Enquirer: 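What follows is a structure written as structure tokens; I'll ask about it next.
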Amino acid sequence: MDRKIAYPVSMIRHIVLFKYNDGLTQEDPEVAATRQALTDLGPTLPIVRGWEVRQCFGDQAVSHDLILLAQFDTRADLAAYAVDPEHQKVIVQLDRIADRKAVADFEV
């Protein structure tokens, strides 16, 4: 039996880079707890199609410490994620440990 699978024409990638506050490292308990909360968040949200959280390395002034790579089917899904209450809770944690972030959203 031939079965056609419908794939989305495009997907949305959402990338966020975080730079920890001065004096914090990946071993700091609050950093580790926040990283785990972010890692655990994606699989709980049905609109998320891909979710990866990684520790970064680098010692340049422009280097960041943590990255989120997420995928969504549509821009509407990304917008819904942005206001999701569980996501908002993790943002509060991230804002306590990271003084800089960079965001990029694009279609693939």
Side-chain angles (χ1 to χ4, degrees):
M1 170 197 278
D2 287 341
R3 190 174 112 192
K4 292 185 179 180
I5 299 173
Y7 292 100
V9 173
S10 65
M11 294 197 75
I12 303 301
R13 289 241 174 105
H14 173 66
I15 299 173
V16 186
L17 293 159
F18 301 93
K19 178 71 173 175
Y20 299 148
N21 296 335
D22 284 343
L24 292 180
T25 67
Q26 62 181 313
E27 290 81 20
D28 185 280
E30 188 173 13
V31 169
T34 301
R35 185 176 57 246
Q36 191 62 53
L38 183 61
T39 299
D40 294 344
L41 175 66
T44 69
L45 304 174
I47 58 175
V48 171
R49 295 293 170 248
W51 192 264
E52 190 173 349
V53 175
R54 297 287 179 191
Q55 190 67 42
C56 302
F57 61 88
D59 57 4
Q60 299 179 34
V62 296
S63 296
H64 286 74
D65 300 305
L66 187 68
I67 187 169
L68 166 65
L69 306 162
Q71 277 188 228
F72 300 88
D73 287 336
T74 65
R75 289 181 184 201
D77 289 345
L78 176 60
Y81 159 75
V83 297
D84 179 89
E86 295 305 312
H87 174 232
Q88 292 298 313
K89 289 178 189 176
V90 176
I91 287 175
V92 169
Q93 290 178 267
L94 286 162
D95 286 347
R96 284 196 303 258
I97 66 160
D99 59 3
R100 278 191 328 199
K101 68 180 174 182
V103 178
D105 299 313
F106 57 95
E107 291 183 351
V108 293

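The structure displayed is predicted, hence computed values, not measured ones.
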Enquirer: Just to verify, what does Glu27 make a salt bridge (charged side-chain N to carboxylate O under 4.0 Å, His left out) with, not counting sequence neighbours?
Expert: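 For Glu27, no residue satisfies salt bridge (charged side-chain N to carboxylate O under 4.0 Å, His left out) once neighbours in sequence are set aside.
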
Enquirer: So, taking the atom named OG1 in Thr34 and the one named CG in Asp95, what distance separates them when rounded to the nearest 0.5 Å?
Expert: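 That separation rounds to 10.0 Å.
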
Enquirer: Between Gly58 and Ser63, what is the shortest heavy-atom contact and its length?
Expert: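 Residues Gly58 and Ser63, closest heavy atoms: C-OG, 3.5 Å.
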
Enquirer: Tell me, which pairs form a salt bridge (charged side-chain N to carboxylate O under 4.0 Å, His left out) where one or both residues lie in residues 34-56, sequence neighbours left out?
Expert: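 Passing the test, one end in residues 34-56: Arg49-Asp73, Glu52-Arg54.
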
Enquirer: Please determine which of Asp65, Ile67, Leu66 meets the side chain to side chain contact (heavy atoms under 4.5 Å, CB included) test together with Cys56.
Expert: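 Exactly one option meets the side chain to side chain contact (heavy atoms under 4.5 Å, CB included) with Cys56, and it is Ile67.
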
Enquirer: Measure the acute angle between the ring planes of Tyr81 and Trp51, then classify it against the limits of 30° and 60° as parallel, tilted or perpendicular.
Expert: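 Correct class here is perpendicular.
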
Enquirer: For the atom pair CG (Leu24) and NZ (Lys19), what is the distance rounded to the nearest 0.5 Å?
Expert: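 Leu24 CG to Lys19 NZ: 11.0 Å, rounded to 0.5 Å.
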
Enquirer: Is there a side chain to side chain contact (heavy atoms under 4.5 Å, CB included) between Tyr20 and Asp28 once you walk through the steps?
Expert: CA-CA 10 Å; Tyr20 299 148; Asp28 185 280; over 6 Å; no

Enquirer: Out of curiosity, does Leu45 fall in the hydrophobic cluster containing Leu69 (side-chain heavy atoms, cut-off under 4.5 Å, transitive links)?
Expert: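 No, Leu69 and Leu45 fall in different hydrophobic clusters.
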
Enquirer: Which donor-acceptor pairs under 3.5 Å do side chains of residues 97-108 form with protein atoms, sequence neighbours excluded?
Expert:
unit_1: Arg100; atom_1: NH2; unit_2: Ala61; atom_2: O; d: 3.3
unit_1: Asp105; atom_1: OD1; unit_2: His14; atom_2: ND1; d: 2.5
unit_1: Glu107; atom_1: OE2; unit_2: Arg75; atom_2: NE; d: 3.4

Enquirer: Please determine whether residues Val53 and Leu78 belong to a single hydrophobic cluster, defined as Ile, Leu, Val, Met, Phe, Trp and Tyr linked transitively by side-chain heavy-atom distances below 4.5 Å.
Expert: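 In one cluster: yes.
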
Enquirer: Same cluster or not: are Ile47 and Val16 linked, directly or through other Ile, Leu, Val, Met, Phe, Trp or Tyr residues, by side-chain heavy atoms under 4.5 angstrom apart?
Expert: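 Yes; tracing contacts between hydrophobic side chains, which count when under 4.5 Å, links both residues.
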
Enquirer: How long is the gap from CG on Leu38 to CD on Gln93, to the nearest 0.5 Å?
Expert: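 Those atoms lie 9.0 Å apart.
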
Enquirer: Would a 4.5 Å heavy-atom cut-off, applied to side chains only, mark Asp77 and Ile12 as touching?
Expert: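 No, every pair of side-chain atoms sits at 4.5 Å or beyond.
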
